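All values reported here derive from a predicted model rather than from experimental measurement.
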Amino acid sequence: DASDGAQWVPRDAIQHIRRLKLSGISPEMMADGDPGFSEALRELYRAYQLYLTTSHAIDREDIVGLALRLVTERPELCQGIANRYQYWIIDQYEDFGPVYSQLVAKIAPYLTHLTLCGDSEQAVGVEWGATGDAIIQASRHFVGLETICLTTVFRSISAIVDTSQS
């Protein structure tokens, strides 16, 4: 991470801003004590958001945040979204960041069939704001959640499974 006055490598800055957005953190919400904080990054983030706004554009991370804002401000839309599909199956839920999880939590009360699949030990979605605990925290967001633990590995041949369990 760059400290104030240092130059940010564009790729690093973009990744950091993506993580902030997918954690629901705006430039104004960034705090001095947060990991990776720098005033330079806050200004870069502000400039980037201004550029998007003046260009009438959004980025991929904004899509989820804007969807969350929309269903929060207009909860009646949740029923229409839920009615569109009878069964919801979300795989790799451990890779969901806070904004994704909040969006699902807003729609979930309107769903009749929701299945979340995930393995907290396989979280790799850090670039999407995931911390790996979305699947663990799911019981707080979804009333009546039933946990089913799978004990058989279907992706590996038996020699690999046997070795991993020895």
Side-chain angles (χ1 to χ4, degrees), residues 1-4 8-120 122-143 145:
D1 289 337
S3 59
D4 282 349
W8 275 88
V9 175
R11 183 180 314 173
D12 294 343
I14 290 167
Q15 288 296 88
H16 208 85
I17 290 170
R18 287 179 72 201
R19 277 190 226 108
L20 289 166
K21 283 183 166 199
L22 292 173
S23 295
I25 300 171
S26 68
E28 295 70 34
M29 295 168 67
M30 293 174 68
D32 292 348
D34 290 346
F37 173 83
S38 77
E39 193 59 43
L41 180 63
R42 183 195 324 246
E43 290 309 311
L44 183 60
Y45 189 0
R46 279 187 181 135
Y48 175 62
Q49 286 303 112
L50 180 61
Y51 171 79
L52 288 174
T53 301
T54 59
S55 300
H56 304 285
I58 60 174
D59 62 18
R60 185 176 67 191
E61 292 72 34
D62 286 335
I63 293 170
V64 181
L66 290 169
L68 175 59
R69 189 172 92 194
L70 188 60
V71 298
T72 300
E73 292 173 358
R74 297 188 50 203
E76 70 275 9
L77 294 176
C78 293
Q79 187 64 60
I81 294 168
N83 289 344
R84 188 166 175 106
Y85 303 100
Q86 185 176 2
Y87 294 92
W88 285 54
I89 300 172
I90 302 174
D91 197 7
Q92 305 298 322
Y93 195 74
E94 74 276 3
D95 288 330
F96 273 42
V99 176
Y100 282 98
S101 296
Q102 289 170 32
L103 179 59
V104 174
K106 289 283 186 185
I107 299 169
Y110 300 89
L111 301 173
T112 53
H113 305 283
L114 171 63
T115 301
L116 305 176
C117 303
D119 182 344
S120 61
Q122 293 187 16
V124 295
V126 175
E127 64 190 63
W128 304 294
T131 59
D133 66 348
I135 198 74
I136 296 167
Q137 300 295 329
S139 61
R140 287 189 317 135
H141 297 292
F142 307 107
V143 177
L145 179 71

Fit a plane to each ring of F96 and Y100, take the angle between them on a 0 to 90° scale, and name the class: parallel (under 30°), tilted (30 to 60°) or perpendicular (over 60°).
tilted
Verdict with reasoning, I90 to L114, per side-chain contact (heavy atoms from CB on, under 4.5 Å)
CA-CA 8 Å; I90 302 174; L114 171 63; 4.1 Å; yes
With rounding to the nearest 0.5 angstrom, report the OG1 to OH distance, T115 to Y87.
9.5 Å
Here the pair of heavy atoms bringing I25 nearest to Y45 is O-OH, 2.7 Å
Nearest 0.5 Å please: distance from the CD1 atom of I17 over to the CG atom of L22.
12.0 Å
State the CG-OG1 distance between L68 and T72, to the nearest 0.5 angstrom.
4.0 Å
Counting distance only, does the side-chain N/O of S55 pair as donor-acceptor with the main-chain N or O of L52 below 3.5 Å?
no
When rounded to the nearest 0.5 Å, the distance separating OH of Y48 from OG1 of T53 is 10.5 Å
Which heavy atom in Y93 sits nearest to a heavy atom in A138, and how many Å separate them?
CE2-CB, 4.3 Å
Of all the heavy-atom pairs spanning K106 and C78, show the shortest one and how long it is.
O-SG, 3.6 Å
On a heavy-atom basis, which atom in L41 and which in A13 lie closest, and how many Å separate them?
CD1-O, 4.4 Å
Testing the basics here: between S23 and V99, what is the closest heavy-atom pair and its distance to 0.1 Å?
C-CG2, 3.8 Å
Around atom CZ of R69, are there more than 12 heavy atoms from other residues, nucleotides or ligands closer than 6.0 Å?
no
Between the CG atom in L44 and the CD1 atom in I14, the distance rounded to the nearest 0.5 Å is 8.5 Å
To the nearest 0.5 Å, what is the distance between CG on L20 and CZ on R42?
10.5 Å
Compare every heavy atom of D91 with every heavy atom of C117, then report the nearest pair and how far apart it is.
CB-OD1, 3.4 Å
Applying side-chain hydrogen bond (donor to acceptor under 3.5 Å, both in side chains) between K21 and each of H16, E61, Q49, report the one that passes.
Q49
